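Being a predicted model, the structure only gives us computed values, none of them experimental. Numbers here are sequence positions counted from 1. Whatever order the structure lists ligands and atoms in, that order sets their numbers, starting from 1.
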Amino acid sequence: MSASDARDRLIERLSRRRDTSERVLEAMRSVPRHEFVPDATPERAYADRPLPIGDGQTISAPHMVAIMVDLLDLEAGDRVLEIGTGCGYHAAVTAELVGESGAVYGVEYVAHLAEAARDRLERLGYGGIVDVLVGDGHEGWPEHAPYDAAYLTCAAEDGVPDAIVEQTREGGHIVAPIGGRAHQELVRLTVTPEGTDRESHGGVRFVPMVDSDS
Ligand code: SAH
């Protein structure tokens, strides 16, 4: 099967099974997921499953990317902080939604994953929208704050790090898996003048967020 047929089939499946917005489906239709997982066949690249990307890390299943992107309520022109860029796939989907007038700032702990993601995003035409920093996401990326939205693709055991909340504007959403190895839930925080409001969106399983202090 060709990559574009496999991609169409995935989008068709996501649109039937999930309550995904048309905008997010369109964004996912535009991103060549097989370019982010070069060792996978088209069938595997476009299966609705997580896939290994090296270093014990995984790229989330497409439906999880769709759910997370939908929860952020992104608009064209938004500036978004991403923690855990991995191979860059999720960042590319976000880039499709914020467009050329927006920006995605990705922080990735593993240097060679960050470098490979940066090169790949550049080659696929996302270089003007996505920027990738090698660093510890617990610090966020203060230089480009405030962000309209933020998300983590690795699980924070003790809740969303304070720096990320501080770098997100009032009214902005933060979507993150929270918890340890045994139990994690996907939460959406909304930044308020007093702190944050929190909604839960069910149980999930993500790789843990590395804590460089421990
Ligand atoms: N969104 C990615 C999948 C990422 S998997 C994609 O589309 O490919 C989670 C990523 O979080 C891994 O690449 C891992 O190295 C990274 N990570 C783990 N702890 C981190 C930390 N403290 N700061 C930044 N990135 C971290």
Side-chain angles (χ1 to χ4, degrees), residues 7 10 24 27-28 30-40 44-72 74 80-97 104-121 123-124 126 129-142 144 147 149-165 167 174-181 184 186 204-214:
R7 185 161 61 241
L10 168 67
V24 169
M28 292 180 73
S30 306
V31 179
R33 184 169 162 97
H34 64 284
E35 296 277 5
F36 292 83
V37 282
D39 295 336
R44 260 173 74 75
Y46 291 99
D48 193 13
R49 282 197 302 258
L51 283 173
I53 55 170
D55 273 270
Q57 304 301 332
T58 54
I59 177 175
S60 301
H63 75 265
M64 186 51 60
V65 175
I67 289 169
M68 292 179 72
V69 173
D70 250 336
L71 283 172
L72 283 181
L74 297 172
V80 184
L81 174 66
E82 172 187 77
I83 306 301
T85 299
C87 70
Y89 173 73
H90 197 144
V93 175
T94 304
E96 289 285 345
L97 284 152
V104 181
Y105 295 99
V107 182
E108 168 55 50
Y109 193 75
V110 178
H112 74 90
L113 288 178
E115 280 148 24
R118 203 182 279 140
D119 290 350
R120 179 181 291 125
L121 288 161
R123 178 168 57 80
L124 296 172
Y126 296 104
I129 308 177
V130 186
D131 216 345
V132 185
L133 174 76
V134 180
D136 181 355
H138 286 89
E139 312 300 324
W141 191 343
H144 302 291
Y147 300 100
Y151 61 94
L152 281 69
T153 70
C154 41
E157 186 147 17
D158 305 319
V160 173
D162 292 342
I164 296 171
V165 176
Q167 291 168 26
I174 303 170
V175 170
I178 299 297
R181 282 185 193 275
Q184 299 171 5
L186 189 68
V204 290
R205 180 177 286 257
F206 281 75
V207 297
M209 184 174 194
V210 176
D211 195 338
S212 56
D213 286 343
S214 61

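- Nearest protein neighbour of atom 6 (C) of ligand 1, counting heavy atoms only, is T85 O, 3.5 Å.
- Closest heavy-atom approach to atom 21 (C) of ligand 1 within the set G137, G88, A155, G84: this belongs to G137.
- Interface of G135 with ligand 1, defined as ligand atoms under 4.0 Å from a residue heavy atom, comprises 23 (N), 24 (C).
- Note that OG1 of T94 and OH of Y89 are 10.0 Å apart. Values are rounded to the nearest 0.5 Å.
- The N/O atoms of D136, backbone and side chain alike, include one that comes under 3.5 Å of an N/O atom in ligand 1.
- Those atoms of ligand 1 with a heavy atom of V110 less than 4.0 angstrom away are 15 (O).
- Listed here is the closest heavy atom pair of V207 and Q57: CG2-OE1, 3.1 Å.
- Residue contacts with ligand 1 for V65 are absent, since no atom lies close enough (heavy atoms, distance under 4.0 Å).
- Between H90 and ligand 1, a contact under 3.5 Å exists for at least one N or O pair.
- Formation of a donor-acceptor pair under 3.5 Å by the E96 side chain with backbone atoms of A27 is not found in this model.
- In this structure, of S212, C87, A114, A91, the residue bringing a heavy atom nearest to atom 8 (O) of ligand 1 is C87.
- Taking the side chain as every heavy atom from C-beta outward, E157 and P208 never approach each other to under 4.5 Å.
- To the nearest 0.5 Å, atoms CD1 (I59) and CZ (R49) are separated by 13.0 Å.
- For ligand 1, the polar-atom distance check finds no N/O of L113 at less than 3.5 Å from any of the ligand's N/O atoms.
- In this structure, the protein non-hydrogen atom closest to atom 4 (C) of ligand 1 is T153 OG1, 3.3 Å.
- Of all the heavy atoms of T58, the ones lying under 4.0 Å from any atom of ligand 1 belong exclusively to the backbone.
- Atom 25 (N) of ligand 1 has its closest protein heavy atom at Y109 N, 3.2 Å.
- Atom 13 (O) of ligand 1 has its closest protein heavy atom at E108 OE1, 2.8 Å.
- Looking only at atom types and distance, the side chain of H144 has no donor-acceptor partner in the side chain of D131 under 3.5 Å away.
- Of the possible polar contacts, one joining the Q167 side chain to the W141 backbone as a donor-acceptor pair under 3.5 Å is found.
- Ligand 1 has no atom lying under 4.0 Å from any heavy atom of A117.
- Near V107, with a cut-off below 4.0 Å to any heavy atom, the atoms of ligand 1 are 24 (C), 25 (N).
- Side-chain atoms of M209 and P161, non-hydrogen and from C-beta on, do get closer than 4.5 Å to each other.
- Ligand-side atoms of ligand 1 in range of G86: 8 (O), 13 (O), range being under 4.0 angstrom from any heavy atom.
- For the 3.5 Å distance criterion, the side chains of R7 and Y46 qualify, holding a donor opposite an acceptor.
- With a 4.5 Å cut-off on side-chain heavy atoms, I164 and L152 count as touching.
- Few gaps surround CZ on R123; more than 12 heavy atoms of other groups in view lie less than 6.0 Å from it.
- The protein heavy atom nearest to atom 22 (N) of ligand 1 is V210 O, 2.7 Å.
- Within the 4.5 Å cutoff, no side-chain heavy atoms of E82 are placed close to those of Y147.
- When only non-hydrogen protein atoms are considered, atom 12 (C) of ligand 1 lies nearest to Q57 OE1, 3.3 Å.
- Using a 4.0 Å cut-off to heavy atoms of C154, the atoms of ligand 1 that qualify are 11 (O), 17 (N), 18 (C), 19 (N), 20 (C), 26 (C).
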